[in-house]
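Contents: one structure, followed by commentary.
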Amino acid sequence: MPQVATKEQMEPRPAKPWWREPWPWILMAGPAAAMIGCIITIFLAVQNFSDQAITDGGIKRGLVVSKPAVATNPTQASPEH
């Protein structure tokens, strides 16, 4: 015998608030994980490598690190001929 749908079954269910649905949280998980990873990376970089000495002859002026150009003397250049 076929079942007849009742009035309660025909009415749509009321929508849940957005925070009770799983999809917004799943979609926000990726960017949230990337932001947490970025914060951890910045923290580790500042904590471990912020005050390292320059050992290869560079000169630090503010935030810019430059290496002085090597001056060559043309009279001391070795002849390749």
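Everything quoted here is computed from the prediction, not taken from an experiment.
Applying the ring-ring contact (aromatic ring centres under 6.0 Å, His included) rule to pairs touching residues 11-32 yields Trp18-Trp25, sequence neighbours excluded.
A continuous path of ILVMFWY side-chain contacts below 4.5 Å connects Phe43 to Ile40, so both sit in one hydrophobic cluster.
Annotation for Met28: atom CE counts as buried by contact number, over 12 foreign heavy atoms lying within 6.0 Å.
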